[in-house]
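Structure record follows, encoded as structure tokens.
When a ligand or atom number is given, it counts from 1 through the structure's own listing order.
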Amino acid sequence: MTEIGSQAKVDSLRNPVATGHPPQLAVIVPSFNERGNIELLYEKLAIALDETAWEMIVVDDNSPDGTATVVNEMSRVYANVRCIRRFGRRGLSSACVEGMASTSAPYVAVIDADLQHDEAILPQMLEKALAGADLVVGTRFAGEGSAATGLSATRLSGSRLATKMAAMIAGQPISDPMSGFFLVRRDIFENVAPKLANDGFKILIDLIVTSERAGKPLQIAEVPYTFRPRHAGESKMNPLIVIQYLGLWASKLSGGILPPSFLLFGLVGVTGVVVHMATLGAVTAGLGGNGALSSETIFVAAQITATMVAMTWNFFLNNNLTYSDRKLRGRKLVIGLLGFYAICALGGIANISVASGIYELRHQTFIAGLAGAVMSSVFNYAVTRAFTWK
Ligand SMILES: Nc1nc2c(ncn2[C@@H]2O[C@H](COP(=O)(O)OP(=O)(O)O)[C@@H](O)[C@H]2O)c(=O)[nH]1
Ligand SMILES: [Mg+2]
């Protein structure tokens, strides 16, 4: 392990008897490919939390770099470390939820593995919670806090925009609602845990808004810190995570009526329409040279092909993006695809019956067509959510 000064404090934790008392604070560390950071993080936490009975719970999504193996080796040495290893699953929010749900400690904190968060403020955060705050947020955007060193210019402006959007749904002033660094009373978390969205990156804002909606607004305190550059490894932020955040935001803005994954499902549907039209055009052009076929036959053949291609496209895109946290594989993938075709067929019937019903009443092609399309999207979303990606 790296030599970083207070080795004696780290060493004292080698004795399980010394740490035999139940933890007051559980530090949850979601990790994906953080092999180069996790030991140093532990050592820094051990120094910061010298006076506290604490434990570190790493929730690792079976990282290919072997993070879990490193953590398990650490558990053989330090009594207050353990690893929850998840297979076939990915996702920061659900990793945090599962980590927080796995401890008996009355207080839980979430911190990134990459050393971007300043662990030295944890005792201050715990103090504020002990003094009555339900939730204490490490903030980059208030007091002495800063993010300039830890974020690129693009990430910083993106983060500012996301922060403003989050403030719209938070229900109370909070300077860094996008923070991934916070400490919460476990019972507060448990109150809302079943209602938290498991996809996406931003568990904190979800925790705040869900508590608010449950009629239990949280008493929030903040502790400023300086956001550091990532130590080792790479960021897992990607465009999908941005879209997932927009989905969560739209869902919260709609008062929870729109589920977070609906936005993504809808966007996939829009790309499906483009694929459908492109296939229709290509097949029509391809068969056009065949003089033996009537134009009606060509259209029907092209339309059937385009529908099958678009449905297949939608299925795979949803499986990899919208439901990346519950991706179907192997036999389940085949069964899921066949079920998806069947559900879309029913959705098509719903579409046509609603559209023609409205057309009879109003005789407005656009409105009737749109109503039919909305109807079948909602139908397809609800039914595939219940049966395909349950
Ligand atoms: N378990 C788990 N952890 C993740 C996942 N994605 C990111 N993390 C962890 O979440 C923390 C923040 O991720 P990071 O890539 O640093 O995001 P950034 O700081 O916004 O660039 C790090 O500790 C990551 O290892 C995931 O899919 N599963
Ligand atoms: Mg990071």
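Residue Ala95 touches ligand 1 through its side chain alone, judged by heavy-atom distances below 4.0 Å. The side chain of Arg230, and not its backbone, has at least one atom closer than 4.0 Å to an atom of ligand 1 (non-hydrogen atoms only; side chain from C-beta on).
Side-chain contact of Ser377 with Asn380: a donor-acceptor pair under 3.5 Å is absent, judged by distance alone.
In summary, Glu39 and Lys44 do not engage in a salt bridge, as defined by a charged side-chain N under 4.0 Å from a carboxylate O. Between Asp112 and Arg230, none of the side-chain N atoms (NZ, or NE/NH1/NH2) sits under 4.0 Å from a carboxylate O, so this pair counts as no salt bridge.
The distance from ligand 1 to the heavy atoms of Arg155 drops below 4.0 Å at these ligand atoms: 18 (P), 20 (O), 21 (O). When each atom of ligand 1 is checked for a heavy atom of Asp61 under 4.0 Å away, the hits are 1 (N), 2 (C), 26 (C), 27 (O), 28 (N).
Within the 4.5 Å cutoff, the side chain of Leu246 has heavy atoms near those of the Met165 side chain.
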Self-check item: Trp389/Phe315 under ring-ring contact (aromatic ring centres under 6.0 Å, His included): CA gap, chis, key distance, verdict
Solution: CA-CA 11 Å; Trp389 292 282; Phe315 174 80; 5.4 Å; yes
Quiz item: Which is it for Arg228 and Glu119 under the salt bridge (charged side-chain N to carboxylate O under 4.0 Å, His left out) test, yes or no, and what are the steps along the way?
Solution: CA-CA 11 Å; Arg228 300 182 291 221; Glu119 71 297 327; 2.8 Å; yes
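Residue contacts with ligand 1: Arg89 is excluded, as none of its non-hydrogen atoms falls under 4.0 Å. The shell of residues lying under 4.0 angstrom from ligand 1, judged by heavy atoms, includes Ser31.
Restricting Asp114 to its N/O/S atoms, the shortest distance to the Mg ion (ligand 2) is reached by OD2.
When distances to the Mg ion (ligand 2) are checked against a cut-off of 2.8 Å, Ser235 contributes no N, O or S atom below that limit.
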